[in-house]
Amino acid sequence: MFISFIKTTVRSLWRNKTYSALNIFGLAIGIACAGLIFLWMEDEVNFDGHQAKKDRLYRILEHQTYDGKKRTFWSTPMQLSEEVRTQVPGVANTARMSGSRPTLFALGDKTIFERGGFVDPSFLTMLSWQFTAGNPQQAFRELHSIVISEKMANQFFGRTTNVVGQTLRLDNKQDYLISGVVKDLPKNSTIQMDWMAPFAIYQEENKERFASWGANSIGTLVELEDNANVQRANQVLGGMIKKHLPESSTIPFLFSMNDWRLRDEFEDGQQTGGRIAYVRLFTVIAWIILLIACINFMNLATARSEKRAREVGVRKVLGAGKQRLVVRFIGESVFMALLSVAIAVVIILVALPAFNLLVEKQLTIGLDKPLHIGALLSIALICGLVAGSYPALYLSSFNPIFVFKGIRLKGSSAAFIRKGLVVTQFTVSIVLIICTIIIYQQIQHVQQRDMGYDRNNLLVIDARGQLAKNFNSIRNELVKSGAVSHVALNSYDMINIGNNTSEFTWPGKDPSKSILVSARGVSEDFIATAGMHIVEGRDFQLNAVADSSNILVTETMAKLMGEGSAVGKIVHYGDDAPAMTVVGVVKDFIYGDMYAKSDLVVFFLNNDIARTMYVRISEKTALEPALAKIGAVLKQQNPGYPFEYKFVDDQFREKINSELLIGKLSRVFAALAIIISCLGLFGLTAYTAERRTREIGIRKVLGASVTGITHLLSKEFLQLVILSAGISFPIAWWAMQQWLNSYSYRISIQWWVFLVAGVLAIAIALLTISLQSVKAALMNPVKSLRSE
């Protein structure tokens with residue numbers, strides 16, 4: 001029975017090779033596209049899935065209120081961890097960690113920057129580190145000990161065994177004894193570290209700087225006991241900082257590891273989402289593309305119904321009931337879906353390297369995973385059932401008496417369904433085209449935004465080693481080389497938030513208001529180096545001593561300081577701090593959130609706290625020679641530290657990486673939706689032309705032109721596409737308006753976007769239809785009439 005079914009199904013597919021190929025490959029493309037999206041989605045949803053205690057691990061975040069609005073921060077006071085462990089109910093353990101940043105390590109002449117940080121010993125047992133050498137309980141028995149990853153061990157020693165007991169020099173200052181080796185963390189891990197050293201070292205080096213309960217500088221992890229009451233723990237935790245700083249508005253709270261990746265965005269103290277929105281969006285798109293592919297099958301199957309009418313009639317005469325016919329036709333549909341899945345797997349394997357490059361992941365198809373095999377079979381089953389349901393019911397309903405008497409079957413119902421499915425396909429496709437255009441516009445809008453600084457040809461270099469100490473000499477050498485026009489230091493990365501405080505005061509400031517101000521310690525030439533603009537007053541003088549008590553403020557801060565010019569006004573940092581005089585106002589610049597307005601910023605002269613150095617490459621110098629000259633100077637002036645840099649423009653792209661990814665994927669998915677829709681349209685046009693072969697021949701004999709016949713065959717389908725455009729416009733407008741509303745800096749949707757998308761869809765559909773229409777119109781009428 002089964003063998004007979006396979007034989008007859010294969011024969012049926014072979015007799016209708018064109019339709020079968022369109023069906024199978026159309027569905028395969030849809031399944032492959034959906035499969036790639038589901039692989040991406042699985043990676044996102046399973047972030048930190050390797051952590052055995054994931055459901056019990058939390059990070060302490062803080063809500064801080066400034067000017068009546070809550071803002072959320074990920075750093076905490078250094079002293080908080082101990083109190084949480086001993087005083088908050090349900091807490092099993094806590095651990096502190098410094099920020100994870102690249103740090104220089106050396107072994108002989110080999111120097112490499114590795115990312116890691118200082119952590120408490122409990123950090124090694126709370127998280128699921130897989131030790132291949134050493135053990136977590138004894139790893140930090142000595143103060144200057146270090147645990148490294150297998151990757152780091154391979155880079156320095158070329159092996160992962162017999163590494164414990166060796167030493168590495170950290171930051172060209174101190175030798176650290178390797179006490180453990182851990183397996184590399186998976187890419188879908190929020191925490192990424194290649195080395196860990198005792199937090200006690202970091203605490204000793206920064207105990208004066210971060211002694212206050214108001215100094216938020218580190219990350220604090222919390223492990224809860226089984227069945228702990230998170231709400232009760234938050235009630236106790238929420239008042240801990242206020243207990244030490246009664247005037248503080250800071251409220252710490254527990255933030256689950258389950259939400260670190262996908263739900264990490266907050267607005268005025270409320271959790272508003274994050275990447276989960278993208279996961280949901282692309283999951284919907286995956287199913288939509290699958291639906292479009294299924295519509296192709298339904299369309300072509302119902303279009304070919306008359307050709308199978310005689311077969312249905314014979315089977316019914318021989319005793320086949322409607323239920324048996326339904327099962328048979330759905331079985332054929334599932335069989336084709338399985339063929340499509342097999343081809344889709346090949347497409348995924350071929351496309352996966354390019355897709356990984358696009359989404360910056362290392363996804364694998366995972367055919368050895370039962371879940372993936374089950375998902376593919378489920379997709380085949382669902383697609384087969386969805387795509388074959390209506391054709392099966394329609395074909396099985398034919399009356400054999402009418403079939404054998406040659407009475408023409410009424411196809412109004414089937415034709416209506418086909419038209420509805422074509423409209424559905426192209427409605428979705430046009431919506432995707434419109435969304436793609438608007439997403440592209442929004443990304444370009446942000447990329448072309450006046451940031452308040454010039455990010456082109458601007459390098460940022462971490463100020464390690466003797467870079468800050470030898471800064472004057474480095475600056476002179478770089479400028480003298482001719483490759484560089486300006487060089488300056490900054491206490492923080494210019495494009496990120498950095499240090500901020502509410503302790504700035506000035507005459508006329510409402511004492512009841514807490515206002516958050518970012519503070520930047522810079523060198524004299526920073527404004528010119530960054531390409532910022534002085535809109536009032538003056539810049540710092542090159543003589544740092546003359547401006548040691550002077551500051552620059554941004555426009556927004558100047559307005560907040562009251563009426564009249566801000567230049568000459570006095571600002572205090574804390575109650576007992578000396579007065580600082582505003583000598584200039586800097587045009588607002590964007591940092592942190594690329595879609596938000598500029599926050600308040602104060603610039604003051606201080607080279608001692610520099611963390612970054614900015615270098616403006618001269619426009620007259622080619623990039624490669626300029627980088628070579630900069631590297632040579634730094635190697636001479638800051639020996640022992642490799643020349644590593646970033647372009648500020650690349651940093652900016654990283655800040656809008658999610659939006660850039662959406663833009664790329666939307667273009668791919670819109671193109672695939674159009675391709676799949678056009679495959680179905682191509683098949684329907686071919687079927688229509690085949691059905692009307694005799695009519696076309698007669699019309700040509702009677703003098704009809706090729707243009708007239710092409711118009712005759714194309715008119716019906718073009719009307720459907722035009723109807724699709726009309727339906728898609730309000731849907732796309734609503735969807736994009738909702739998406740844009742999540743950005744404070746956004747475009748307005750223009751009417752011409754809908755016109756362009758509609759015209760593009762109609763042009764693509766017309767091209768597809770014309771390929772078959774013109775072919776049919778050019779047929780020799782003598783041949784077609786003789787064969788008919």
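Numbering starts at 1 and runs along the sequence shown. If you're wondering where the values come from, they're calculated on a predicted model, not measured in any experiment.
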Please check if atom [atom1] in [X] has more than 12 non-hydrogen atoms from other residues, nucleotides or ligands closer than 6.0 Å.
X	atom1	answer
Lys242	NZ	yes
Arg141	CZ	no
Asn227	CG	no
Gln174	CD	yes
Lys243	NZ	yes
Gln362	CD	no
Lys183	NZ	no
Lys469	NZ	no

Q | Spacing of OG1 belonging to Thr167 relative to CZ belonging to Phe156, to within rounding of 0.5 Å | A |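 It comes to 11.0 Å.
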
Q.
Would you compute the distance between atom CZ of Phe604 and atom CG of Leu552 and round it to the nearest 0.5 angstrom?
A.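 Here the interatomic distance stands at 11.5 Å.
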
Within the 3.5 Å criterion, strictly below it, is a donor on [X] or [Y] matched to an acceptor on the partner's side chain?
X	Y	value
Asn216	Ser75	no
Gln79	His244	no
Asp259	Tyr58	no
Thr272	Glu267	no
Tyr492	Ser518	no
Gln651	Asp493	yes

Could you report the tightest heavy-atom contact between [X] and [Y], atom names first, then the distance?
X	Y	result
Arg115	Pro102	NH2-CD, 3.3 Å
Thr529	Leu458	O-CD1, 3.5 Å
Ser145	Ala139	OG-O, 3.1 Å

**Q.** Sole residue of Arg59, Arg56, Lys54, Arg85 in salt bridge (charged side-chain N to carboxylate O under 4.0 Å, His left out) with Glu223
**A.**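 By the salt bridge (charged side-chain N to carboxylate O under 4.0 Å, His left out) criterion, Glu223 pairs with just one of Arg59, Arg56, Lys54, Arg85: Arg56.
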
Q: Apply side chain to side chain donor-acceptor pair (under 3.5 Å) to Thr190 and list each qualifying residue two or more places apart in sequence or on a separate chain.
A: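 Applying side chain to side chain donor-acceptor pair (under 3.5 Å) to Thr190 gives Asp48.
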
**Q.** Aromatic ring proximity Tyr573/Trp506, centre distance under 6.0 Å
**A.**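 No.
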
Q | Aromatic centroids of Phe266 and Phe255 separated by under 6.0 Å | A |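 So the answer is yes for these two rings.
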
Using the six-membered ring wherever Trp is involved, compare the ring planes of [X] and [Y] and label them parallel, tilted or perpendicular (cut-offs 30° and 60°).
X	Y	result
Phe526	Phe603	tilted
Tyr176	Phe118	tilted
Phe589	Tyr453	perpendicular

Q: Assess whether side chain to side chain donor-acceptor pair (under 3.5 Å) is satisfied between Ser598 and Thr556, documenting all intermediate values.
A: CA-CA 8 Å; Ser598 172; Thr556 304; 5.0 Å; no

Heavy-atom distance under 4.5 Å between the side chains of [X] and [Y], does that happen here?
X	Y	result
Asn606	Ser491	no
Met152	Leu168	yes
Tyr278	Glu659	yes
Trp129	Leu185	yes

May I ask you to say whether [X] pairs ionically with [Y], meaning some side-chain N is under 4.0 Å from a carboxylate O?
X	Y	result
Asp268	Lys70	no
Arg464	Glu644	no
Arg71	Asp599	yes

Q: Could you walk me through whether Ile178 and Phe157 pass side chain to side chain contact (heavy atoms under 4.5 Å, CB included), step by step?
A: CA-CA 12 Å; Ile178 299 174; Phe157 303 100; 3.6 Å; yes

Q) Quick one: is the NZ or CZ of Arg96 closer than 6.0 Å to the six-membered ring centre of Tyr202, and within 45° of its axis? A)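 Judged by the rule, Arg96 and Tyr202 form no cation-pi pair.
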
Q.
Closer than 3.5 angstrom, by distance alone: can the side chain of Ser473 be matched with the main-chain N or O of Asn470 as a donor-acceptor pair?
A.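 Side chain of Ser473 to backbone of Asn470, a donor-acceptor pair under 3.5 Å: no, none is there.
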
Q.
Between Tyr595 and Ile590, does the side chain to side chain contact (heavy atoms under 4.5 Å, CB included) criterion hold? Intermediate values first, please.
A. CA-CA 8 Å; Tyr595 298 89; Ile590 307 302; over 6 Å; no

**Q.** Full working for side chain to side chain contact (heavy atoms under 4.5 Å, CB included) between Asp525 and Phe540
**A.** CA-CA 7 Å; Asp525 203 25; Phe540 289 125; over 6 Å; no

Q: Report the C-alpha separation of Val359 and Leu661 in whole Å, then their side-chain angles, then the decisive distance to 0.1 Å, and conclude whether the side chain to side chain contact (heavy atoms under 4.5 Å, CB included) test is met.
A: CA-CA 7 Å; Val359 300; Leu661 176 61; 3.7 Å; yes

